[in-house]
Amino acid sequence: MLDWLYTAIAWVMKQWHSLFSTFLDPAGGITWALSIVFLVITIRVLLFRLFVKQVKSQRAMQEIQPEIQKLRKQYGADKQGFSQAMMALQKERGVNPLASCLPILPQIPVFISLFHVLRRLAPDKPGLYSWDNELTDQAARADLFGAPISSSFNMTGAKEQAILGLDGVTYGSIRIVAFVLIVVMCTTTFFTQKQIMKRSGPVEGQAAMIQKLLLYGMPISLFVTGFFFPVGVLLYWFTNNLWTMGQQFYILKKLPPPGSPAALAKAAADKPQIDPKALAPKPGAKPVRPKPGRPAAAAAPESTVGTDASQTPPPHGTGPSGNGTGPSGTGAEGSTGSTAAGGSANGRPAGGNRPGQGSGGNRASGPANRGKRKRR
């Protein structure tokens, strides 16, 4: 059923083996080990874009966590309503929860395919999965530090007898190499998972429990199952972990988790700095100072003296002649001119013309600008 996938993995290894055979021994263990290493590199390069999508999805999930907490408090025990609201929020923000699993899912069939191909390898076996008889026999006999890549820590049956019958191959050499690779594989898996936790940032609740389970559960499970993996599969897993660690280091440096000290330092470094020297005038140039705003000019008060002199009606009892008499020369209230000689009709002393007035007492004959303020 999966023969097409096994054939694809075997074909990639065959191409790398052909390349390294140009300057290395085709039957040497280092040639086949490099073929497995570059199989990992080929797969991870093809999956790099999915890894970037995984990182972006995790960052987007971190950004909407406060809103998810509000929805959880809002809906309370209504799990169905909370699920629908959370799905609507994720759709609105363009968050895909499955994107965090994208790089892992394609690696599972690759791992299973390589495990199946190496498990079926044995000396003097016919060709399989696009390999001819000679190439298959070379792969079965190729050893890495005395351990064939198709051998494992525990073997049974005809394969055990065929591999132990090879020159220079013993159970001791196989188990030493396999055990070292198992320990290194579990250690790199642990540190890789710690990097993933650091990249995804702090989480709470069920997510934190899952992270701890993966942090300690995966290395333990790999330590148990690693005794049944072929040496080539252990080498594949170790190389895959090294690639993941380097990739995680690059992502944490370029895209640190939001709110982390590295993210704050990166934001401060990316902020454009203003050089004070750039604001200073050039040598020999006159500094330009901004002109202060000029206050609005106060309106000059209107003079009331001139208008009074020309518009105020004459006092009671005076005529147009201005001497206190009527048109005929007599006062309006007296029959004789005693008013003009002794005093005016309003009780003012004789000669009571105001200073500055003419002899006729005309008020308009004074200076025209009398009482006006001088304009500045």
Side-chain angles (χ1 to χ4, degrees), residues 9 13 16-17 20 24-25 27-41 43-44 104 107-108 110-123 125 136-196 212-248:
I9 297 302
M13 290 181 61
W16 285 115
H17 178 267
F20 293 119
L24 294 174
D25 181 13
I30 188 65
T31 306
W32 284 100
L34 288 175
S35 301
I36 295 175
V37 169
F38 277 82
L39 169 67
V40 176
I41 295 174
I43 300 301
R44 295 306 299 266
I104 301 176
Q107 294 182 58
I108 296 176
V110 173
F111 172 79
I112 294 174
S113 300
L114 181 64
F115 174 78
H116 183 76
V117 170
L118 296 180
R119 185 174 61 87
R120 292 194 60 185
L121 281 179
K125 278 288 186 84
T136 303
D137 190 64
Q138 285 181 357
R141 295 175 181 270
D143 64 272
L144 187 66
F145 303 109
I149 62 173
S150 59
S151 64
S152 56
F153 193 93
N154 292 319
M155 296 182 295
T156 58
K159 183 177 179 178
E160 178 185 13
Q161 296 176 2
I163 289 179
L164 292 178
L166 298 175
D167 294 337
V169 176
T170 61
Y171 242 131
S173 60
I174 292 173
R175 289 182 172 177
I176 290 174
V177 173
F179 186 78
V180 171
L181 287 176
I182 289 171
V183 173
V184 173
M185 177 185 66
C186 296
T187 305
T188 53
T189 301
F190 176 80
F191 285 105
T192 299
Q193 189 60 34
K194 287 202 72 173
Q195 274 189 327
I196 293 175
K212 286 187 177 181
L213 180 62
L214 293 175
L215 179 63
Y216 298 104
M218 282 189 65
I220 293 174
S221 62
L222 287 175
F223 184 80
V224 174
T225 58
F227 292 96
F228 304 95
F229 289 163
V231 172
V233 173
L234 297 176
L235 181 63
Y236 170 88
W237 197 289
F238 166 62
T239 307
N240 189 67
N241 285 346
L242 287 183
W243 179 279
T244 303
M245 290 177 66
Q247 196 169 247
Q248 297 281 3

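Just the heavy atoms: all of them, side chains too, but no hydrogens, waters or symmetry mates, feed the values below.
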Measure the NE2-CG distance between His17 and Leu39 for me, rounded to the nearest 0.5 Å.
14.0 Å
How far apart are the closest heavy atoms of Leu222 and Met185, and which atoms are they?
O-CE, 3.7 Å
Angle class for the Phe223/Phe227 ring planes (parallel below 30°, perpendicular above 60°, tilted otherwise)?
perpendicular
Are any non-hydrogen side-chain atoms of Leu24 and Leu34 less than 4.5 angstrom apart?
yes
Taking atom NZ of Lys159 and atom CG of Leu121, what is their separation to the nearest 0.5 Å?
6.5 Å
To the nearest 0.5 Å, atom CG of Asn241 lies from atom OG1 of Thr188 at 3.5 Å
Ser35 side, atom OG; Ile149 side, atom CD1 - distance, nearest 0.5 Å:
8.0 Å
So, is the end of the Arg175 side chain (NZ or CZ) under 6.0 Å from the ring centre of Tyr171 and within 45° of the ring's axis?
yes
Residue pair Pro219 / Cys186: nearest heavy atoms and the distance that separates them:
O-SG, 3.3 Å
Sequence-distant partners of Phe191, ring-ring contact (aromatic ring centres under 6.0 Å, His included), two or more places apart
none
Decide yes or no on side-chain contact (heavy atoms from CB on, under 4.5 Å) for Ser152 and Arg119, but give the supporting numbers first.
CA-CA 9 Å; Ser152 56; Arg119 185 174 61 87; over 6 Å; no
Pair Ile30, Phe20 - check side-chain contact (heavy atoms from CB on, under 4.5 Å), show working.
CA-CA 9 Å; Ile30 188 65; Phe20 293 119; over 6 Å; no
So does Val169 get a backbone contact from the side chain of Ser173, meaning a donor-acceptor N/O pair under 3.5 Å?
no
How are the rings of Phe229 and Phe115 set to each other: parallel, tilted or perpendicular (split at 30° and 60°)?
perpendicular
State, to 0.1 Å, how close Ala140 and Ser150 come at their nearest heavy-atom pair, and which atoms those are.
O-OG, 3.5 Å
Return yes if some donor-acceptor pair links the side-chain N/O of Thr225 with the main-chain N/O of Ser221 below 3.5 Å, else return no.
yes
Nearest 0.5 Å please: distance from the CG atom of Asn240 over to the CE atom of Met245.
12.0 Å
I'd like to know whether Val110 forms a side-chain contact (heavy atoms from CB on, under 4.5 Å) with Tyr236, so could you lay out the CA-CA distance, the side-chain angles of the two residues, the decisive distance to 0.1 Å, and finally the verdict.
CA-CA 10 Å; Val110 173; Tyr236 170 88; 3.4 Å; yes
Indicate the atoms forming the closest heavy-atom contact of Ala142 with Gly28, along with that distance.
CB-O, 3.9 Å
Pair Gln193-Tyr216, side-chain donor/acceptor within less than 3.5 Å
no
Trp237 side chain near Val233 side chain, heavy-atom distance below 4.5 Å
no
Any sub-3.5 Å donor-acceptor pair from Thr31's side-chain atoms to Asp25's backbone N or O?
yes
Working to the nearest 0.5 Å, report the span between CD1 of Ile43 and OG1 of Thr239.
13.0 Å
Does the side chain of Phe145 reach to within under 4.5 Å of the side chain of Ile176, using non-hydrogen atoms?
no
Determine the sole option in Ile174, Leu164, Val231 for which the side-chain contact (heavy atoms from CB on, under 4.5 Å) test with Pro148 is passed.
Ile174
